[in-house]
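Remember, predicted model here, so these are calculated numbers, not experimental data. Every number for a ligand or one of its atoms is a count from 1 in the order of the listing.
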Amino acid sequence: MILKELYELTENMLAAAGVEDHRFDTDCLFEDILDADKVTLLLHGDREVSEPDADRLMSAAEKRCSGIPLQYILGKWEFFGRTFFVGSGVLIPRPDTEILVEKVIEHFAGQNNRSPEICDLCSGSGCIAVTLKKELPGAAVHAVELSSDAMPYLMKNIRHNEADVKIIKGDVTDGRLLENFLDPDDFGEYRRIDAVVSNPPYLTDKEMNELSREVKYEPELALRGGMDGLKFYRIISVLWKEILKDGGLIAFEIGFEQGEAVKDILQKSGYKNIAVHKDLAGHDRVVTGQAYFS
Ligand SMILES: C[S@@+](CC[C@H](N)C(=O)[O-])C[C@H]1O[C@@H](n2cnc3c(N)ncnc32)[C@H](O)[C@@H]1O
């Protein structure tokens with residue numbers, strides 16, 4: 001079969017299977033598997049495709065038709081201009097999360113602190129932790145993650161992007177994790193850090209019952225945020241305030257209907273300068289605040 005015929009066949013298959021962005025997905029599969037971009041298709045569309053190559057393409061297209069996310073088939077995805085490896089067991093980095101990263105970078109750009117200590121809770125693929133380390137090279141960045149399935153991706157992405165990020169494996173709702181931040185020079189006291197950043201699981205029970213075919217392939221542990229989706233915000237804002245400096249930043253990604261609720265949680269936990277930031281679609285997407293103790 002020639003290249004352009006295979007393209008048409010693939011796109012038709014994806015469209016018939018209800019894949020929304022069938023043309024985009026076909027383009028990605030062709031680029032990744034056959035190294036054939038749009039220009040190649042235009043200039044060399046009559047090129048014969050070898051049988052093994054056509055088989056590999058068809059097998060990927062069948063996976064996509066069954067609902068497996070494109071990113072899991074490709075095994076990687078872009079975030080903030082860098083490549084992150086993904087697969088079953090780890091959340092696919094979303095463009096919305098780039099807003100969270102931008103807000104943290106902006107916060108430190110406005111300060112003289114060139115070597116902040118930052119903790120990324122619920123790190124998953126490590127897209128937030130790695131990006132912060134690359135964009136703020138003087139920072140000391142920790143990535144906290146519970147899932148053993150996500151852990152190999154986190155490690156691989158840190159190595160691949162040559163980012164000096166320290167991993168802490170554990171449950172962010174367990175206060176014992178704070179022992180990692182005990183001050184060796186001050187018995188029983190915590191070393192105070194500059195920022196706690198998190199894109200925690202935030203879907204409600206109701207939303208968990210209405211997941212799209214693709215999102216159902218992503219790990220439940222990465223999505224379910226308790227009955228009202230707010231469990232992690234309540235716990236993190238109180239527990240991890242213990243290790244924030246006076247004026248230290250807390251920054252959360254949120255579901256687009258959670259702005260007011262998360263703002264309220266931060267207010268009740270004693271944070272100040274609380275702000276809700278919107279994403280490119282105009283939805284509430286990030287909440288930031290600063291810890292003050294006096
Ligand atoms: C919404 S995903 C975010 C992943 C990544 N930070 C991102 O922005 O793409 C939430 C992550 O939290 C992890 N997680 C869930 N419960 C956790 C817990 N109690 N302690 C630590 N990590 C947890 C999940 O495994 C998942 O990787």
Is there a heavy atom of Phe79 sitting under 4.0 angstrom from any atom of ligand 1?
no

Any heavy atom of Ser198 sitting closer than 4.0 Å to ligand 1?
no

Give the residue, atom name and distance (to 0.1 Å) of the protein heavy atom nearest [atom].
atom                    : answer
atom 2 (S) of ligand 1  : Ala222 O, 3.5 Å
atom 20 (N) of ligand 1 : Val172 N, 2.9 Å
atom 22 (N) of ligand 1 : Leu146 N, 3.3 Å
atom 12 (O) of ligand 1 : Cys122 CB, 3.0 Å
atom 15 (C) of ligand 1 : Leu221 O, 3.1 Å

So, is [X] polar-close to ligand 1, with some N/O to N/O distance under 3.5 Å?
X      : value
Thr173 : no
Glu145 : yes
Cys127 : no
Asp120 : no
Phe232 : no
Asn199 : yes

Any idea which atoms of ligand 1 are less than 4.0 Å away from a heavy-atom of [X]?
X      : answer
Asp171 : 18 (C), 19 (N), 20 (N)
Gly124 : 4 (C), 27 (O)
Gly170 : 20 (N), 21 (C)

Just to be sure I read this right, does ligand 1 sit under 4.0 Å from the backbone of Pro200, its side chain, both, or neither, counting only heavy atoms?
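Backbone only; the side chain of Pro200 stays clear of ligand 1.
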
Just to be sure I read this right, does ligand 1 sit under 4.0 Å from the backbone of Ile128, its side chain, both, or neither, counting only heavy atoms?
side chain

Answer yes or no for Lys76 and Phe85: cation-pi contact, defined as NZ/CZ to six-membered ring centre under 6.0 Å and angle to ring axis within 45°.
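The answer is no; the distance or angle limit is not met.
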
Cation-aromatic face contact Lys241/Phe293, 6.0 Å, 45 degrees
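Yes, cation above the ring, under 6.0 Å and within 45°.
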
Residue pair His277 / Glu102, side-chain donor-acceptor N/O under 3.5 Å:
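Side chains of His277 and Glu102: no pair found under 3.5 Å.
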
